[in-house]
Amino acid sequence: MSENVVHLHKPTDPPAEPAPVDTATVTTLTVVPDAPPARPVPLWVRSGRAVKTAVTHERTRAAGRAAVRHGLYTFNGGRIVARRTWDGRTGSRYERMIRAAEAAGNLEAAEEWEERLQRFRAARHHRRMDLLHSPVDAAKGVAVGAGMSVGVLVALGIVMAINSGQAGDVVTPLAATIDFIALLIRIVQVVWGPALSIGPFLALLALWSVGRKQHAAPQWALPANVRSGEGEPITPSIVVKALRDLGVPALARAIKEMGDAGASMLGPITIAGCGVEVDVTLPSGVSTNEVQSKRRKLAENLTRHEHEVFITIPQAARTVRLWVADSGALDEPIGPSPLVTDDTMTADYTKGKAPWGQDLRGDAAALSLYQRHLLITGLSNQGKTVALRSLALWLSLDKSVQFLMGDLKGAGDWAMFDGLATTLIQGPTDEHVIEVTEMVEGAVSEMNRRLQAPPGTVFPPLIVLVDEAQVAFMCPAKGSGKDKRPYGGAKADSRYFMAVRKIHNQGRAVNVLMWQGTQDPTNENLPKLVREGAHTRASLALGTESQARMALGDKAVDGGAAPNLLRPGLDRGTLVVASDGISIPAGQSSITVRTHHIDDDAATAITDRAKALRDGVTTLHTIDRSPEHDPLADIAAVIGDAPRVRTKDVLARLATRNSDAYGDWSFLDLKRVLDDADASPYKSDGVMCVARDRVARALANRDGEGSASAE
């Protein structure tokens, strides 16, 4: 159906011819009414919204904070001045110090402060007694002073009168003095009124200045830069306030009862590297572990990040040592290693120390490696290999040191030691673990040979280094044939585990040392007996406190060591070290070291210098397990390109090459083989050596004889 449309205006154009209507099409028009107008918002709602917007606006809030802040600056400044005045006029300061010393249990200090209080009271009593006689004395003094002044002025007038011949000049100085006094009185009369008006404002301004300097306002009312504390220096009041707000009820109560607001707990605040250090003597009833366990809250109270505050336990009882870094200082890199900057540096295994990095105080941190087994652990990609390698790089500059190296990552981190290490095995597979295990077992054979040598025999240092040692402990491979012993594991039948344990037990006596680097320690990939056998234990960032105890031991962790609180990725290269080979502050069980970073190119340059100190080292990249062996050929192989090698070094290299065949060899065995081949050892500079040319000639002669007989 169609709807009728009524036009309310008269058309001006003549009507057109009506179009034909298609009866088959029906058009429906729907009239949609307009939406009703929105109801107006009541005035009281709009007013409330406007008021809320105005009140909550940032400018309004800032103005409110400023008004409260400056008002409290003046009020609390008055309180501070009043307290200072009261302290200066009474003995309340001494009484507070006495109460603080008694609360801290320091009776000697309490007696000293009591003695000072007695002296103060005696002096005050003497001053008060003097006040009884002071009015009479003051009156006499004024009379005498006035008389003398008048006499001097009259005498001066007489002199002037004699000079001028005028008798009236006698009173001229006296009259001038009277006129000057009258002028001063007129000046005071003029200034007195404005001074009375301005004086209170000046006094309020002085009080405001005192309150502003002391930040005497609530934290929320202070400016943003003061609230955030970025760069804010550590002062005694800030330290005490941080301890008071730590959430330890006994500590907060004791500080409140001390009277001096806990200032007597603090030792001197000293600059220590990129931060400050202070010893805090805790009051009775507060244990050191209560403060240690709240490191994060203490750091935030000191307006620092958690990693910028270190808490250690010195030797003094009930004392914690706080080291607080400057804001952001620990995120700045340290300088390059002396190994990189000093091309003339050499090493001394016996007496020297490896330059490893810097401690938190900014002092150089150097580590002694003499007869110390080493263990470095941490999470993956935190700088473990670089830290371990930097020690080996320094020690390589001592030409007497020999290296057996196994890199169970195989990424080329130790490739620069090719031509420097006697053995260098690189790779992550089970076959590489087997070869590394046999390398360590060869070192055990060498250790046993040295232990059986005549007393007083001196042996060169032999460093057995295994990086990524967790791969060896977790290896599932087992021996073939009748020997089914596993290579990995943490039991007595594990070949790698037992070889490491043997070196830990007796190796240091004959300078055979075990160095291991491992990651993410657990009881499975780093057995308890192995980690406790290391004399120097260092850890980078770890995930949990239990891992920190595995890495460093309970004593170090209980003493404040916390590698689990280092920031993975951000604190890369930062180590917590527990060792007697590094200088540790008295009373502490560990030290935090930021190690120097030595990249691959710099490491290669250092090893090139180390190789120049040696006659030439042939590096073995695999362990020869063949049952057949040729002693003369093996001697030629271990000599390599060196013109001559000491006999004891030849024996050591032979034992490493084939421990089963040469592990029990002595000098007599070596001499017998060489004598038979007409390549006898000889003395050079008082040391028995084997000449490469003689051995090569003997091999050539033997091969020539073999060819002739074959023909």
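Small disclaimer: the values here were computed from a predicted structure and weren't measured.
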Does the [X] side chain pair with the main chain of [Y], one donor and one acceptor, at a distance under 3.5 Å?
{"X": "D669", "Y": "S666", "answer": "yes"}
{"X": "R450", "Y": "G507", "answer": "no"}
{"X": "R537", "Y": "R531", "answer": "yes"}
{"X": "S494", "Y": "G488", "answer": "yes"}
{"X": "Y349", "Y": "Q371", "answer": "yes"}

For the pair V401 and I463, evaluate side chain to side chain contact (heavy atoms under 4.5 Å, CB included) and give the outcome as yes or no after the intermediate values.
-> CA-CA 7 Å; V401 178; I463 306 299; 3.8 Å; yes
With D359, which residues qualify under side chain to side chain donor-acceptor pair (under 3.5 Å), at least two apart?
-> none
For Q547, what residues pass the side chain to side chain donor-acceptor pair (under 3.5 Å) criterion, not counting sequence neighbours?
-> D520
Tell me which pairs pass ring-ring contact (aromatic ring centres under 6.0 Å, His included) where either residue lies in [range], with sequence neighbours left out.
{"range": "residues 451-477", "value": "F473-Y496"}
{"range": "residues 594-614", "value": "none"}
{"range": "residues 418-453", "value": "none"}

Pair D580-R372, salt bridge (charged side-chain N to carboxylate O under 4.0 Å, His left out): steps then yes or no = CA-CA 9 Å; D580 60 352; R372 291 179 176 87; 2.9 Å; yes
Check residues 554-563 and write down every donor-acceptor pair under 3.5 Å in which the side-chain atom is one partner and the other belongs to a residue at least two apart or another chain.
unit_1	atom_1	unit_2	atom_2	d
D554	OD1	R549	NH1	3.2
D558	OD1	R549	NH1	3.1
D558	OD1	R549	NH2	3.0

Residue of the set K384, R389, K409 for which salt bridge (Lys or Arg N to Asp or Glu O under 4.0 Å) holds with D467 | K384
